[in-house]
Each structure stands twice: as structure tokens, then as C-alpha cells.
Amino acid sequence: MSTSGARESAVRIGLVLPDVMGTYGDGGNALVLRQRLLMRNIPAEIVSITLGDGVPDSMDIYTLGGAEDYAQRLATRHLLEHPGMQRAAGRGAPVLAICAAIQVLGHWFLTGSGERVDGVGLLDLTTSPRPTRAIGELAGTPLVEGLTQPLTGFENHGGGSALGPDARPLSAVTRGVGNGAGDPVDGAVQGSVYGTYMHGPALARNPEFADHLLARAMGIDALEPLPIAEIDQLRRERLSA
Ligand code: GLN
């Protein structure tokens, strides 16, 4: 099994539209990815891609955060006009989509006021308003190969996402709502695209998930372990909260 992080160029982490998508500190997911690489002496950089920029297809990994309905509409339009991330996903670059970003990457979503917005189409799902807003802790048992540890985060969303046959759920919900349409599952995985309703930031709470995404980004089987006692403590606290 390859665990070598040796590489000449920095791992490039695309932080996508932090000016419109990034509620609850979701931009921290990019910081976690970079920090976990730097602590292993692997060069890494965050490239912030805002509404004023095109979306490059050259990133090794992309992250998108949550947003309110109006902001996520702006983001959707921008991603459709500048399909660099979709090209990168097509060659296998991992994409992490949090909350509103799952909705944006689906086929379409209905906003809270009933407007239908066509999505980016990287995930086989559609989103409609739920009868009640889902707010609170969210935990799940991963359903994806390579993830073994319980996933933890918190959710705050009015939309519920129904998966089509090409998207698999990320986890089976053990606490909270998650996708909130159909089976009690959270998130979606399709090719190299991963979505979850978990804020936290999700990767600060779930280091195994962070390393899983990084290994895929680097084209290696796994990264060397990186024990951090404070994260173990945080996970114990949150999973028993
Ligand atoms: N606006 C979306 C909803 O309420 C997403 C919210 C979020 O990203 N926290 O469903």
C-alpha cells in the first residue's frame, strides 16, 4: 500500500466561492486539508476562487460550503458558466460539498419560496423544501469504502434531498435528520464527489474523512496516520453530546 506523500508540487486545494458559500465556518474544511498535509511535510496551498474569478480545472481537490438560498443561486449560476470544477471531477479530482452545496451540485433545487433552480448535475439528486427545518447535531455510520469511523457534525437546512440511483448516501443517520427525504441517510457520493449536510467544519470533526479525500486527491491509497489528541477529545465530546 502506498502511503508516500512525496511530490514535487504543492497539493492545490480549491476553496470554491467562499464569498457566497461558507456558512458556519465551512471554509475551515480547506484549512483542515492544508494543515493535515503541512503537518506531514507535504506542501499544500489553498486557492480561493471567488465570484470575480473563473473556476480553474487544475485544482487537486475542491471544497464548497453552505449558503442561504439567494447566495446558493448565485453560486449555481457561476459554476454553470465556469465549468472547471465539473471538468476536474470528470478526471477524478475529489469535490467536497457541504449542505447548500449538495443542493447546488444536484439536478435542481426548489428554494424556500418555491423557485426551481437548475443545478450543476454532478450529483444524482433533487432538493425540495422540508415541512420543518432540520437543526441540531447530526451523526452517521459511514456507508462508503475506506471510511470506518462514525461521522459527526451539525445541520441547519430547510431543504431535503432525494437521491437517484447514481448517488449513494455517505452515511446511515444515527442522530439528526440528514438528507431528510426518504431513507434516514446523510449525504451523497458519486464518483469523486462527496456531499454531506454536516457543518462543523465537517473535516475538523472527522479527520478520517479528511485523509480519505486527501489520499484520493494525491492518487495514493492512504496517508500516514496523524494522531492529534485534541481531535480525539473533540470527537468523544461531540459523539456523546
Ligand atoms: N439554503 C439551504 C437550505 O436551507 C442550505 C442551508 C445551509 O447551507 N445551511 O436548505
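Counting starts at 1 for both ligands and their atoms, in listed order. Computed from a prediction, not measured in an experiment: that's the story for all the values here. One-based numbering along the sequence shown.
For the atom pair OG1 (T141) and CG (L147), the distance works out to 11.5 Å, reported to the nearest 0.5 Å.
Set against the non-hydrogen atoms of R133, the atoms of ligand 1 under 4.0 Å away are 4 (O). Residue contact check: G66 has heavy atoms under 4.0 Å from atoms 8 (O) of ligand 1. Within ligand 1, the atoms closer than 4.0 Å to a non-hydrogen atom of C99 are 5 (C), 6 (C), 7 (C), 8 (O), 9 (N), numbered from 1 in the order shown. Atoms of ligand 1 found under 4.0 Å from any heavy atom of Q72 (numbered from 1 in listed order, with element): 1 (N), 2 (C), 5 (C).
No side-chain N or O of T23 forms a donor-acceptor pair with one of E68 less than 3.5 Å apart. N156 and Y24 are linked by a side-chain donor-acceptor pair at a separation below 3.5 angstrom, with hydrogens and angles left out of the test.
Using a 4.0 angstrom heavy-atom cutoff, H199 counts as in contact with ligand 1. Note on ligand 1: Q103 sits in its first shell, one or more heavy atoms being nearer than 4.0 Å. For M21, the heavy-atom gap to ligand 1 stays at 4.0 angstrom or more.
Proximity annotation for atom 5 (C) of ligand 1: of P129, G22, A67, A67 comes nearest, heavy atoms only.
By the 3.5 Å distance cut-off applied to N or O atoms, Y24 is not counted among the residues near ligand 1. By the 3.5 Å distance cut-off applied to N or O atoms, G158 is counted among the residues near ligand 1. On a distance-only criterion, D69 and ligand 1 share at least one N/O pair closer than 3.5 Å. Polar contact with ligand 1: present for N156 (N/O pair, distance under 3.5 Å). Taking any N or O of G159, backbone or side chain, at least one lies under 3.5 Å from an N or O belonging to ligand 1. Inclusion of A100 in the set of residues having an N or O under 3.5 Å from an N or O of ligand 1 is warranted.
Using a 4.0 Å cut-off between charged side-chain N and carboxylate O, E230 and R236 make no salt bridge. In this structure, R168 does not pair ionically with D124, as no charged nitrogen and carboxylate oxygen lie closer than 4.0 Å. With respect to R40 and E224, no salt bridge is recorded, no charged nitrogen being found less than 4.0 Å from a carboxylate O.
Nearest heavy-atom pair, M198 versus G140, reported as atom, atom and distance to 0.1 Å: CE-N, 4.0 Å.
At distances below 3.5 Å, not a single donor-acceptor pair connects side-chain atoms of D211 with backbone N or O atoms of E208. Under a 3.5 Å cut-off, the side chain of D60 and the backbone N or O of A93 do not form any donor-acceptor pair.
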